Undergrad: 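What follows is a structure written as structure tokens; I'll ask about it next.
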Amino acid sequence: MFSTLLSDEPGSASRRFFLWAIVWLIAPVFIGLFMAILLYAPPVQLLEPAWLRPYINFGRIRPLHVNLAIFGWLSMVYVGAIYYLLPRLAGTKLFSERLANLTLVLWNLFVAAMVISLPLGFNTGRKYAEVVWVLKVLFVAILVLLAVNVWGTVRRRAEKNLYVSAWHFVLAATVFIPVYIIGGKVVPLEIVNGQLALDFSGAYVGMNDNIINFFFVHNLFNVWFTTIAVGLAYYLLPKLTGKPLYSHRLAIWGFFTVWTGQHHQLWSPSPYWLQTLTVIFSILAAIPTSAFLFNFYKTMEGRWSLVVSDIRVRWLVVGTIFWGLTCVQGVAQSFPNFSLGIHFTNWVIAHSHLAFVGDYSFWMFALIYLLLPEVAHRPIYSRRLTEWHFWLTLGGLLIFMLALFAAGLIQGQNWMTGGIPFIETVRAMNSFFLARLIGGALMVVGQLVFAYNIYRTVSAREPVPSRAVSAVAAPASE
Amino acid sequence: MAARLQSLPVLLGGSIFFLIAGVFVTIFLPSLEPAASTPTAYARPYTEQELRGRAIYIREGCWYCHTQQVRPPEVNLGTVRVKGDIGPVSTPGDYVYQKPVLWGTTRQGPDLTHVASRVDDKGFPYGSDYGWQRTHLQLPYALIPGSVMPGFGYLPDDEMDALIAYLFTLK
């Protein structure tokens, strides 16, 4: 059993990571749908069996929705892709396929433990760092195993000059470890009255707790999600268009925005100078973003028609448009006046889905449709279903986001008018919540279509000889 | 140029430098602010029961829907029942006894920083009224039609009391 679990068949870890990622995609989309129902019609709660009620109450499943989507689905596609692409970019084999498969087992353990512990109410009270200390330690161990494999592979590379995507992987796999350790207070020590004491709460004291929490939140996006996603986009772009990347020099600009945590908390009680500083850095972040978009645009030149004919290019391009929007909003939201109008409202929910669904997930769909046939040695089962997946997800997401962006603007205006009873501003959300529910339901159906298509793909009986599937090589480079 | 910039040590060294500098400037320096460790009138140490209530507040995820921070521009303006009843602005010293802080990021429900000081438009101090809090927590949408707050009727009595005791600290 251990020999299959910790198989050394090349590509096995990637394949498993992709497939498990899809399992962990279906779970949070259903939780999201359920939350949308609860916000539209809270008394639905009364239809639940009484014994179950505590465990599926809004405040228990909301962290599960978020954590599964980002640490289950997204992160697991990322790691599958790194394990598959890094060796190819480096012109060597993966340092250890067994170790990679061990990472997968531990990763699934981590995610499964979240599925149990969060509904039970084990929650540290800190955003994106909700899981309890033991699980954080497990996650750090997982990240270290990943880093060992990444570094081991890079060190024995045959290619002297690694393609830019590989730099992104190495950077993220390394720098995310200290970010997670600091942000989640994984070292369980604190100083109380000048004495060193043990503390497993994962929290810091007072204002600093929020500052560190949002240092973590921001760099989780910046160092982990964005860095790897952009690295993958830089892989997909030349690969899918058949054109070399327009500029490599532009490509390496993007990492240095680790300073902007408190732009998530403008007007908060944290120091004014700190907020100002983070605003400045948030505006500076427009530079690497623009560089990426410019690079993307120049590389796409002459290949735009692929958006129609190749579903993967379509995911990539639409995802990139959403990415551009995410960044424009990100800069706008870090202006204090704008922040005042939308902070705490449903706008923020729309913004995070713009980033995590519209951008990162869209890119990952392109990636899975490209790589899964290679790791599973089978062509994608149905082209029609890939179209359904695309249009349902895009349509659903647009309805979802437009509803919540509008809802957020209205909420913000209502609050800043003064004198409108709060409950009126809640009631005003009802029809927007219905629209969000409909959009969300479409997205859920889209993901079910996706999962079914992939299921049929991997369970197809006749593996085609791997020659027939387009061979993977490093993308054309300068 | 491109090749040199892409050398691994430079890139990694640069990133780690930025990270360390970032931690120093955005985490370490703010922690030296005296305001962060000087308790204000709104800061108070918790009793055991209140702490327990606070843990229940975290466990039940109240903080995903309620913030605990009043921003300067909304003072005298922010409204729950009566204009301005969102309460006085929050300052770092209000939080010195809190771990973690529950500042929150969304307001599906109103800010709760000063909920225990609130009175409704008829002058009834519902925020500090045990009976009101309990009835509300048990089935909010029955008491306040259109509320999206879920019911917490499943909480055992001692937990409910602890939670309300905690809410009463939010003055």
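All values reported here derive from a predicted model rather than from experimental measurement. Quick note: numbers below take in every heavy atom, side chains included, and nothing from hydrogens, waters or symmetry partners. Residue numbers begin at 1 in each chain, while the letters A, B, ... track the order of the sequences.
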Undergrad: Can you list the steps and then say if B:Trp103 with A:Met207 is a side-chain contact (heavy atoms from CB on, under 4.5 Å)?
TA: CA-CA 9 Å; B:Trp103 290 8; A:Met207 176 183 87; 3.9 Å; yes
Undergrad: Below 4.5 Å from any heavy atom of chain B, which atoms of A:Asn210 appear? Answer side chain, backbone, both or neither.
TA: both
Undergrad: Within the structure provided, determine whether B:Arg81 and A:Pro421 are in side-chain contact (heavy-atom separation under 4.5 Å).
TA: no
Undergrad: Go through the atoms of A:Asn346 and report whether side chain, backbone, both or neither lie under 4.5 Å from a heavy atom of chain B.
TA: side chain
Undergrad: If you count the non-hydrogen atoms of other residues, nucleotides and ligands that lie under 6.0 Å from CZ in B:Phe17, is the total more than 12?
TA: no
Undergrad: With only heavy atoms counted, which part of A:Tyr40 is less than 4.5 Å from chain B, the side chain, the backbone, both or neither?
TA: neither
Undergrad: Relative to chain A, which segment of B:Glu60 carries a heavy atom at a distance below 4.5 Å: side chain, backbone, both, or neither?
TA: both
Undergrad: Side chain from CB out, backbone as N, CA, C, O: work out which of these in A:Thr425 comes under 4.5 Å of a heavy atom of chain B, or both, or neither.
TA: neither
Undergrad: Would you give the length of the straight line joining atom OG1 of A:Thr124 to atom CZ of B:Arg59, rounded to the nearest 0.5 angstrom?
TA: 15.0 Å
Undergrad: Looking at B:Ser31, B:Gly61, B:Ala55, B:Pro110, which has the largest count of heavy-atom pairs under 4.5 Å with chain A?
TA: B:Pro110
Undergrad: Let me confirm one number: the CH2-OG distance from A:Trp167 to B:Ser15, rounded to the nearest 0.5 Å.
TA: 11.0 Å
Undergrad: For B:Val101, is it the side chain, the backbone, both or neither that has a heavy atom under 4.5 Å from a heavy atom of chain A?
TA: both
Undergrad: In terms of heavy-atom proximity below 4.5 Å to chain B, should A:Pro63 be classed as side chain, backbone, both, or neither?
TA: both
Undergrad: Please determine, among A:Gly418, A:Gly59, A:Pro269, the option with the most heavy-atom pairs under 4.5 Å with chain B.
TA: A:Pro269
Undergrad: I want to check something: taking the side chain as every heavy atom from C-beta on, are B:Pro145 and A:Arg427 in contact at a cut-off of under 4.5 Å?
TA: yes
Undergrad: What part of B:Leu12 gets within 4.5 angstrom of chain A, counting heavy atoms only: side chain, backbone, both, or neither?
TA: both
Undergrad: Could you walk me through whether A:Trp273 and B:Glu33 pass the side-chain contact (heavy atoms from CB on, under 4.5 Å) check?
TA: CA-CA 11 Å; A:Trp273 63 263; B:Glu33 297 258 332; 2.6 Å; yes
Undergrad: Measure B:Thr67 against the heavy atoms of chain A and call it side chain, backbone, both or neither at under 4.5 Å.
TA: side chain
Undergrad: Taking atom CD of B:Gln108 and atom CZ of A:Phe422, what is their separation to the nearest 0.5 Å?
TA: 8.0 Å
Undergrad: So does A:Asn430 have more than 12 non-hydrogen atoms from other groups sitting under 6.0 Å from CG?
TA: yes
Undergrad: Could you check which of A:Leu39, A:Leu340, A:Val348, A:Ile212 has the highest count of heavy-atom pairs closer than 4.5 Å to chain B?
TA: A:Leu340
Undergrad: Quick one: are B:Val89 and A:Trp267 in side-chain contact, heavy atoms under 4.5 Å?
TA: no
Undergrad: Can you find a pair of side-chain heavy atoms, one from B:Arg71 and one from A:Phe344, that are under 4.5 Å apart?
TA: yes
Undergrad: Shortest non-hydrogen contact from A:Pro42 to B:Ser147?
TA: CG-O, 3.4 Å
Undergrad: Looking only at heavy atoms and a cut-off of under 4.5 Å, which of A:Ile420, A:Val426, A:Val205, A:Asn57 has the most pairs with chain B?
TA: A:Asn57
Undergrad: Assess the residue pair A:Gln45 and B:Tyr141 against the criterion (side-chain contact (heavy atoms from CB on, under 4.5 Å)); give the C-alpha distance rounded to whole Å, side-chain angles, the decisive distance to 0.1 Å, and a yes or no.
TA: CA-CA 11 Å; A:Gln45 188 192 29; B:Tyr141 39 85; 2.7 Å; yes
Undergrad: Chain B heavy atoms under 4.5 Å from A:Asp199: which part of the residue, side chain, backbone, both or neither?
TA: side chain
Undergrad: Which atoms of A:Leu118 come close to chain B, meaning under 4.5 Å heavy atom to heavy atom: side chain ones, backbone ones, both, or neither?
TA: neither
Undergrad: Taking side chain as everything from C-beta outward and backbone as N, CA, C, O, which of these in B:Leu29 sits under 4.5 Å from a heavy atom of chain A? Side chain, backbone, both or neither.
TA: both
Undergrad: Of the backbone (N, CA, C, O) and the side chain (C-beta and beyond), which part of B:Pro140 lies under 4.5 Å from a heavy atom of chain A, both, or neither?
TA: neither
Undergrad: Within residues 152-171 of chain B, which residues come under 4.5 Å of chain A, heavy atom to heavy atom?
TA: B:Phe152, B:Tyr154
Undergrad: Can you tell me if CG on B:Leu32 sees more than 12 non-hydrogen neighbours from other groups inside 6.0 Å?
TA: yes
Undergrad: Is it true that, when you exclude A:Phe216 itself, more than 12 heavy atoms of the residues, nucleotides or ligands shown sit nearer than 6.0 Å to its CZ?
TA: yes
Undergrad: Of the backbone (N, CA, C, O) and the side chain (C-beta and beyond), which part of A:Ile61 lies under 4.5 Å from a heavy atom of chain B, both, or neither?
TA: neither
Undergrad: Name, in order of residue number, those residues of residues 46-54 of chain A that have a heavy atom at a distance of less than 4.5 Å from a heavy atom in chain B; otherwise write 'none'.
TA: A:Leu46, A:Arg53, A:Pro54
Undergrad: Near B:Phe28 CZ, under 6.0 Å, is it more than 12 heavy atoms from other residues, nucleotides or ligands?
TA: no
Undergrad: Distance check, rounded to the nearest 0.5 Å: A:Arg126 atom CZ versus B:Lys99 atom NZ?
TA: 10.5 Å
Undergrad: Can B:Tyr95 and A:Asn208 be said to form a side chain to side chain donor-acceptor pair (under 3.5 Å), step by step?
TA: CA-CA 10 Å; B:Tyr95 302 93; A:Asn208 297 321; over 6 Å; no
Undergrad: For A:Asn123 versus B:Ile58, what's the shortest heavy-atom pair and its separation?
TA: O-CG2, 3.5 Å
Undergrad: Mind checking the CD-OG1 spacing from A:Glu424 to B:Thr79? Nearest 0.5 Å is all I need.
TA: 12.0 Å
Undergrad: With only heavy atoms counted, which part of A:Thr345 is less than 4.5 Å from chain B, the side chain, the backbone, both or neither?
TA: backbone
Undergrad: Please flag which part of A:Val44 lies under 4.5 Å from any non-hydrogen atom of chain B: side chain, backbone, both or neither.
TA: neither
Undergrad: Nearest 0.5 angstrom please: A:Trp415 CH2 to B:Leu77 CG, how far?
TA: 12.5 Å
Undergrad: If you tally heavy-atom pairs under 4.5 Å against chain B, which of A:Lys127, A:Gln411, A:His343, A:Met429 wins?
TA: A:Lys127
